[in-house]
Amino acid sequence: MTRYTPSKIEEHWRQAWDAADTFTARRDERKPKYYVLEMFPYPSGRIHMGHVRNYTMGDVIARYKISTGHNVLHPMGWDAFGMPAENAAMAIGGHPKDWTYSNIDDMRSQMKPLGLSIDWSREFATCDPEYYGQQQALFLDFLEAGLVYRKNAVVNWDPVDRTVLANEQVIDGKGWRSGAEVERRELTQWFFKISDMAGELLAALDGLDDWPAKVKTMQANWIGKSRGLQFQFATEGAPEGFGSIEMYTTRPDTLMGATFAAISADHPLAKALAAEQSDIAAFCDECRKGATNEEAMEKAEKIGFDTGITLVNPFQHDRKLPVFIANFVLMEYGTGAIYGCPAHDQRDFEFSKKYNLDIVDVFVAEKDGRPVETEAYVPEKGETVRYIRPLAGPEVMTGFDAIDHAIAHCEAAGVGAGVEKYRLRDWGLSRQRYWGCPIPVVHCATCGVVPEKKENLPIELPYDNGNEAIDFSIPGNPLDRHPTWRDTPCPACGAPAKRETDTMDTFVDSSWYYARFTAPRAETPTNQGDAAYWMNVDQYIGGIEHAILHLLYSRFFARAMEITGHLPKSANEPFNALFTQGMVTHEIYQTRDDKGRPIYHLPEDVTDGKLADGTEVEIIPSAKMSKSKKNVVDPLNIISKYGADTARWFVLSDSPPERDVEWTASGAEAAFKHLSRVWSLSARISAMDPSTKGTDDAALTRAMHKAIHDVTMGIESFGFNAAIAKLYSFTAVLQKSKASHAAQRTAIMTLAQLMSPMTPHLCEDIWAHQGGEGLIVNAPWPQADEALLVDETITMPIQINGKRRAEIQVAADLTKEDVEKIALANEAVIRSLAGTSPKKVIVVPGRIVNVVA
RNA sequence: GCCCGAGUGGUGGAAUGGUAGACACGACGGAUUCAAAAUCCGUUGCCCUUGCGGGCGUGCCGGUUCAAGUCCGGCCUCGGGUACCA
């Protein structure tokens, strides 16, 4: 008997699918459509196990849906713009374009052996001019619709590399590449007006029933709705034009405890003062120093500068609040000005201690509350407190009620109004980078900022590396330095003008690619018919790391595309169902050098916990695969050793899909063994005499229908690991079966069908050997016969007071009364009852008997 | 700090309120073999017991229920997200 040799069969079946044009998606109104999409990869050059897991899950869904009669769209593309390509060009020379496209070729050829049911005819990369040209068209439409605008914004600026840094690129306040002290700089940048949609993006989360609750919560927190009071404080001693300052607070009930105010260094008042007083200007510069990232913020000391200006509390005219400029007040949130209530806010408390400001209690704990001494008193959510300086409402109430009373009181008194605010800020899309989609506008000396004409799109990046026009070896944006690229006539007046050299954030590229897949070659961003037919994505699958930005931006884009007529209204929530899969992890193998420093070793260099030279290896528990820890398992090695089906089977088998799965050599081995067993089983059944009569056909048939039912449920509910467990069990039953050849042949063919979404190559092979019609990928999914899902006789456990004491075999359709009789006649039951008569007997049909003694 | 999640054998994990530990790994025993690999069969939560059998057991404490891993209340631990957000 020959052995299971994946290398001999897998390529053959991939060619068979190609030859039959199996996965090319075409509109067909007669069939229900199903659009399954995995988050497209960045072309780093190598696929990793995470990709294998992600795409295998999508493939299981896609293949399952094909077999249930759906017209499936399952495309793949490349999220191809971004910094790594530019960095590679800087580090090793060459052009980002060449680097990217050659990586795409490599990755495509690594992906194809996985046997994914992808419609490769729709493939595109976001760096294709055909794609980003359409993105520029979208930008222009958004601009016209008022969804994009320009404003000044503070960015992290690396003075050496002369570039803007993302927050993650700022390490200890220094640029990650140059090591230079990062500055905050104000630049004019483009923004998407996502904040206008904050309310809707939040409210619509409710309708996303098939999204993980976790992701919805994260988005809701990110959008960050708050309710509060916006009002004005009159100033004393402020320059002209600043007779009052606008404030926003979510805790208006603490207004009577206000003892100081603080404004942002970027507040108009601060700027006005800085213009006149050099010490204030110096302080404001100090505030702007350092990066805007979380880490830097955390460490920064809270400092303030007393401006000498005071505010008058509208409800307490004798209390003058000194106005500070403070480094912890953000211009971007609220109104850029706050009042401090040190008694009930720890940060305000510390600030007050530092600058010797008054602390005025507004409320105390309801029972034996004492005034604030060593730290601010911040009640818990819903805790009732006793107001000693109430603004409005009863003496004892919760903070929530107090806020309502305070807002109502203030509105009645003509002091401000209750407002809703969102934390969500507009999305800045300008990047001072080369390898991105050029922003299609022109700066004209007379006309100002002018949109490019659509007929001039795409505005292509200059690729002319050969003549040294593009130089990546020196810092800064190469587009800025290009001798001719910027020059263009003004689209409005025709006079010589300059192109914008900023490019778009790569998140823009991935915010609409799902829509482009519905008509990847269209001359417009989308086309009506295809978008209406294919949208929405029925199942989207990807990593949790994109829970906020990518998914929120996509939701914004779908709405913006609807407003500009590029998507139907029904598609403004682009992803009907979302699944976030876990990572593939692996142990880390380490030894130590003479000085005790760790040395990491590749998994393939370690056998039984030892290196080839016998050195014992320390094993560190599973962690995300990373190059630096050398715990990366290369999918290509696994495929060449065991075949793609084994890799696919393994990544689905051991853990629930949403959780991390640990790659283990023994697990991969076990997956291979199982597939070999199924293959041999099929060979054995093929070799049987077709007239062989069996003894237990009915039992095998029942087991088969249970397997159909359980595996179907498993796939439908993303319980791939559970589905695989059932497949193991059914395989064991079939292996031991003494049924007729006919029954066994039906069973192995059904097993192949149930396994085929996971291990398609092997299953095609079995199908062909058993004489199945056509390709298994097109065979209709087997249907479970409900009548066969319940055995004729069942085992029922009997509990006495909830403890299992016996079990009985009864006919499945026996009445409750008869079951009770049999149960009470059981020897073990009689023994346990010891002569007492039961108070009550509960019979759960088909399940259990509980005797209450 | 705030917001989510998760805690089940040696390990990954399974379980519409109804036999806890399916399935897999690992371990142990056996068959086959000159030997090994491969394959196959069996045992495997913990404790007591020769056995029959019994007791305990899903992070901890309490509750609801005939019945709780599952529901409720209160903790503990771990993981993730997030924040000078006024």
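Bear in mind the structure is a predicted one, so any value in this text is a computation, not a measurement.
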Among [options], the one nearest [X] by side-chain distance:
{"X": "Ala670(A)", "options": "A14(B), C25(B), C40(B)", "value": "C25(B)"}
{"X": "Tyr333(A)", "options": "A86(B), C23(B), A83(B)", "value": "A86(B)"}
{"X": "Trp222(A)", "options": "A83(B), A14(B), C40(B)", "value": "A83(B)"}
{"X": "Lys214(A)", "options": "C4(B), C23(B), A83(B)", "value": "C4(B)"}

Across all strands shown, which nucleotide pairs with [N] by Watson-Crick or G-U wobble geometry, both distances under 3.5 Å?
{"N": "G5(B)", "result": "C78(B)"}
{"N": "G12(B)", "result": "C23(B)"}
{"N": "G73(B)", "result": "C61(B)"}
{"N": "C84(B)", "result": "none"}
{"N": "A68(B)", "result": "none"}
{"N": "G29(B)", "result": "C41(B)"}

With no hydrogens and no angle check, do the side chains of [X] and [Y] hold a donor and an acceptor under 3.5 Å apart?
{"X": "Tyr589(A)", "Y": "Glu587(A)", "result": "yes"}
{"X": "Thr335(A)", "Y": "Glu246(A)", "result": "no"}
{"X": "Arg684(A)", "Y": "Gln744(A)", "result": "yes"}
{"X": "Ser226(A)", "Y": "Tyr333(A)", "result": "yes"}

Work out how far the [atom1] atom of [N] is from that of [M], and round it to whole angstrom.
{"N": "C3(B)", "M": "C48(B)", "atom1": "P", "answer": "46 Å"}
{"N": "A38(B)", "M": "A31(B)", "atom1": "C1'", "answer": "14 Å"}
{"N": "C72(B)", "M": "C4(B)", "atom1": "P", "answer": "14 Å"}
{"N": "A20(B)", "M": "G69(B)", "atom1": "C1'", "answer": "7 Å"}
{"N": "C76(B)", "M": "U64(B)", "atom1": "C1'", "answer": "23 Å"}
{"N": "C75(B)", "M": "G26(B)", "atom1": "C1'", "answer": "35 Å"}
{"N": "G30(B)", "M": "A67(B)", "atom1": "C1'", "answer": "41 Å"}
{"N": "U77(B)", "M": "C66(B)", "atom1": "P", "answer": "35 Å"}

message: The criterion is side chain to side chain contact (heavy atoms under 4.5 Å, CB included); which residues satisfy it with Glu545(A), sequence neighbours excluded?
response: none
With Lys840(A) via side chain to side chain contact (heavy atoms under 4.5 Å, CB included) - residues at least two apart: Ile842(A), Val852(A)
Salt bridge (charged side-chain N to carboxylate O under 4.0 Å, His left out) against Glu420(A), all qualifying residues, sequence neighbours excluded: Lys225(A)
Base, sugar-phosphate, or nothing for [X], non-hydrogen atoms under 4.0 angstrom?
{"X": "Arg425(A)", "answer": "base"}
{"X": "Lys803(A)", "answer": "sugar-phosphate"}
{"X": "Lys736(A)", "answer": "sugar-phosphate"}
{"X": "Ala722(A)", "answer": "nothing"}
{"X": "Asp345(A)", "answer": "nothing"}
{"X": "Val378(A)", "answer": "nothing"}
{"X": "Lys421(A)", "answer": "nothing"}

query: Whole Å only: how far is the CG atom of Leu734(A) from the P atom of C23(B)?
result: 16 Å
- prompt: Whole Å only: how far is the CG atom of Asp266(A) from the P atom of C84(B)?
  reply: 15 Å
Run the side-chain hydrogen bond (donor to acceptor under 3.5 Å, both in side chains) test against [X] and tell me which residues pass, sequence neighbours left out.
{"X": "Lys726(A)", "result": "none"}
{"X": "Gln219(A)", "result": "Arg555(A)"}
{"X": "Trp427(A)", "result": "Asp505(A)"}

Taking ring pair (Phe, Tyr, Trp, His ring centres under 6.0 Å) as the test, write out the residues that go with [X], two or more places apart.
{"X": "Phe363(A)", "result": "His344(A), Tyr377(A), Tyr387(A)"}
{"X": "Phe324(A)", "result": "Phe351(A), Tyr355(A)"}
{"X": "Phe579(A)", "result": "Phe718(A)"}

task: Identify the heavy atoms of Pro838(A) and Val851(A) that sit nearest to each other, and give their distance.
output: CB-CG1, 3.5 Å
- request: Using only heavy-atom distances, decide whether a donor-acceptor pair under 3.5 angstrom links the side-chain of Arg847(A) to the base of U16(B).
  value: yes
query: Has the side chain of Lys302(A) got a donor or acceptor that lies under 3.5 Å from a partner of the other kind on the base of C84(B)?
result: yes
message: Which is more 5' along RNA chain B, the nucleotide nearest Met218(A) or the one nearest Arg251(A)? Just name the residue.
response: Met218(A)
- request: By nearest nucleotide on RNA chain B, pick out whichever of Tyr728(A) and Arg805(A) is the more 5' one.
  value: Tyr728(A)
Every protein N/O within reach of nucleotides 9-12 of chain B N/O, cut-off under 3.5 Å:
unit_1: G12(B); atom_1: O2'; unit_2: Asp654(A); atom_2: O; d: 3.3
unit_1: G12(B); atom_1: O2'; unit_2: Ser655(A); atom_2: OG; d: 3.0

- request: Respond yes when some side-chain nitrogen or oxygen of Asn721(A) is under 4.0 Å from OP1 or OP2 of A14(B), and no when none is.
  value: yes
Please produce a list of atom pairs where a protein N or O lies less than 3.5 Å from an N or O of nucleotides 66-75 of chain B.
unit_1: C66(B); atom_1: O2'; unit_2: Asn850(A); atom_2: ND2; d: 3.1
unit_1: C66(B); atom_1: O2; unit_2: Asn850(A); atom_2: ND2; d: 2.8

query: When the aromatic ring centroids of Phe650(A) and Trp663(A) are compared, is their separation below 6.0 Å?
result: yes
Under 3.5 Å, N/O pairs linking protein and nucleotides 58-62 of chain B:
none

message: With syn defined as a glycosidic angle within 90° of 0 and anti as the rest, where does G62(B) land?
response: anti
